[in-house]
Structure formats: C-alpha cells, structure tokens
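Okay, so here's the structure we're looking at.
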Amino acid sequence: MKIFVLGYNKTGTKSLAKALEILGYNVLHTGGGGAYLEKIGWNLYDNKPILDGLDEYECYIDYPIFEPTVFSHLVFEYPDATYISLTRDLDEYVESVLRDKIKRLDEGVIDSWNWLGVGDKEVFENYPDYQKEWVKGRMMFKHYSNISLLKKNSIGYLSMNIKDGWTNLCKFLDKKIPNGEFPWIR
C-alpha cells in the first residue's frame, strides 16, 4: 500500500512524516525535492514508472509529490493508493514561508524558496500584500487541482490539518492511536 500526502511544505509535513513512522510506515519525506525531484524528473523523461528507484517507501511527503504534474502520474500509476490532503490556513502558510526564507538568508543560504522572488532580507520582511495573495493563489490552485483529480477518479482521501493530531489520521488508516503525544516538529 502506498500513501501520498498532498501537503505543500510548511503545512506540517515533518510532523506528519514522524507520525506515520510512529505508526510503522516507511516514509520518504523529500524535504523539498533535491535528488528526489531529479530522480522523478528523469523517470518521467525516460518513460519509467514515476517512483522507479524510490518505490521501497510506503509513504511519500513534500515536494514534488504535491506538484500537479507529478501527482497526476501518481494517481494514474497508483489508483488504489491512500491519499491525505494536508492543509493549513493560507495566511499562516505565507508568513511561515517568509520566516523560513528570512532565516535561510540570515544563515547565508540564498538558493531556497526561489519562486518567492529575489532580494535580500529586507525584501522578504516587507513582502507586499499583492505578492502574498499570489502565493496563496498558487498553493490553492495546486491543491485544488490535485483534489479535483482525486474526485474525478472517485478516490477518497483524508482532509487533515496537522493540528488535528492522531484521531482522524489513525481512524482513516485503521491504526490504533499511539500512547504518546502527536509529534510536533518545527
């Protein structure tokens, strides 16, 4: 059984990855792509199964899994998979992304969150409202594209906010609720 999480970064993907591990699943949290994005890209280019070379995992979380281009292949190749829609308030999401971008700039990392635009710390501390709306629209479009694809294929999914904790997740996966608290990872 495969589990695919439609959760864009900064929605609680690290916490959910840890929770799924606690439940006994072998999880690939891509952490934003990197080599995994490259592998998936080459698989598409070479007309191989999209997870070729990555298929030992049971759960897949983070970019590029939620990208509609990748996600459509996952739905086609794994129609019997389990899907979890992980979301959060979009205003909170934008602020979290900007905080992370600023933190990385402070650490000297300039090659992250590039789709936000270019600039120094001041640019992202004063990110204009119209740009924030663009970011929210971008995420909504991707997420609703994926949800629409699931609905068109009559595939059920769990709609989850990371604040929901164990209850709905364990019920959906038919797992016993663990004794410990739900893992909250920043």
Hey, what do you get for [atom1] ([X]) to [atom2] ([Y]), rounding to the nearest 0.5 Å?
X      : Y      : atom1 : atom2 : result
Ile155 : Leu149 : CD1   : CG    : 7.0 Å
Ser159 : Leu86  : OG    : CG    : 9.0 Å
Leu20  : Lys175 : CG    : NZ    : 9.5 Å
Thr13  : Leu16  : OG1   : CG    : 8.0 Å
Asn179 : Ile22  : CG    : CD1   : 11.0 Å
Met160 : Phe172 : CE    : CZ    : 11.0 Å

Intermediate values then yes/no, side-chain contact (heavy atoms from CB on, under 4.5 Å), Leu158 and Asn168
CA-CA 8 Å; Leu158 171 65; Asn168 290 339; 4.2 Å; yes

Would you say [X] and [Y] are hydrophobically clustered, going by side-chain heavy atoms of ILVMFWY under 4.5 Å?
X      : Y      : answer
Phe4   : Val27  : no
Tyr8   : Trp115 : yes
Ile110 : Trp113 : yes
Leu51  : Trp42  : no
Ile177 : Leu169 : yes

Salt-bridged, [X] to [Y], with N to O below 4.0 Å?
X      : Y      : result
Lys103 : Asp100 : yes
Lys101 : Glu122 : no
Glu133 : Lys136 : yes

Closest approach of [X] to [Y] (non-hydrogen atoms, all atoms of both residues):
X      : Y      : answer
Gly117 : Phe124 : O-CZ, 3.5 Å
Arg88  : Thr11  : CD-CA, 3.8 Å
Leu6   : Tyr83  : CD1-CB, 4.2 Å
Pro183 : Ala19  : CG-N, 3.6 Å
Gly119 : Val123 : CA-CG2, 3.8 Å
Leu116 : Gln131 : O-NE2, 4.1 Å

Establish, yes or no, whether the cationic atom of Lys142 lies under 6.0 Å from the six-membered ring centre of Phe71 and within 45° of the ring axis.
no

Do Lys10's NZ or CZ and the ring of Tyr93 fall within the cation-pi criteria of under 6.0 Å and 45°?
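No cation-pi geometry.
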
Run the side-chain contact (heavy atoms from CB on, under 4.5 Å) check on Tyr25 and Leu173 step by step: do they pass?
CA-CA 11 Å; Tyr25 294 102; Leu173 297 174; 3.8 Å; yes

Summary of ring-ring contact (aromatic ring centres under 6.0 Å, His included) pairs that have at least one residue in residues 136-162, sequence neighbours excluded
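Found none.
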
Ile3/Ile84 under side-chain contact (heavy atoms from CB on, under 4.5 Å): CA gap, chis, key distance, verdict:
CA-CA 7 Å; Ile3 299 173; Ile84 299 172; 3.9 Å; yes

When you look at [atom1] of [X], are more than 12 heavy atoms from neighbouring residues, nucleotides or ligands closer to it than 6.0 Å?
X      : atom1 : value
Lys14  : NZ    : no
Phe182 : CZ    : yes
Ile185 : CD1   : yes

Indicate whether the side chain of Asn43 and that of Asp46 have a donor and an acceptor atom separated by less than 3.5 Å.
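There is no such pair between these side chains.
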
Whether Glu125 side chain and Ile102 backbone form a donor-acceptor pair below 3.5 Å:
no

Tell me whether Ser72 contacts the main-chain N or O of Pro68 through its side chain, where contact means a donor paired with an acceptor under 3.5 Å.
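Answer holds: yes.
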
Does the side chain of Asn161 come within less than 4.5 Å of Asp89's, by heavy atoms?
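Not touching, per the 4.5 Å side-chain cut-off.
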
Could you check whether any side-chain heavy atom of Lys132 comes within less than 4.5 Å of a side-chain heavy atom of Leu98, counting everything from C-beta outward?
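Contact flag for Lys132/Leu98 side chains = yes.
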
Check the pair Cys170, Leu23 against side-chain contact (heavy atoms from CB on, under 4.5 Å), reporting the backbone distance first and the verdict last.
CA-CA 8 Å; Cys170 289; Leu23 292 174; 3.9 Å; yes

Could you list the donor-acceptor pairs under 3.5 angstrom formed by side chains in residues 55-66, with sequence neighbours left out?
from  : atom 1 : to    : atom 2 : distance (Å)
Glu58 : OE1    : Asn26 : N      : 2.7
Tyr60 : OH     : Lys2  : NZ     : 3.2
Tyr60 : OH     : Leu54 : O      : 2.7
Tyr60 : OH     : Tyr57 : O      : 3.1
Asp62 : OD2    : His29 : NE2    : 3.2

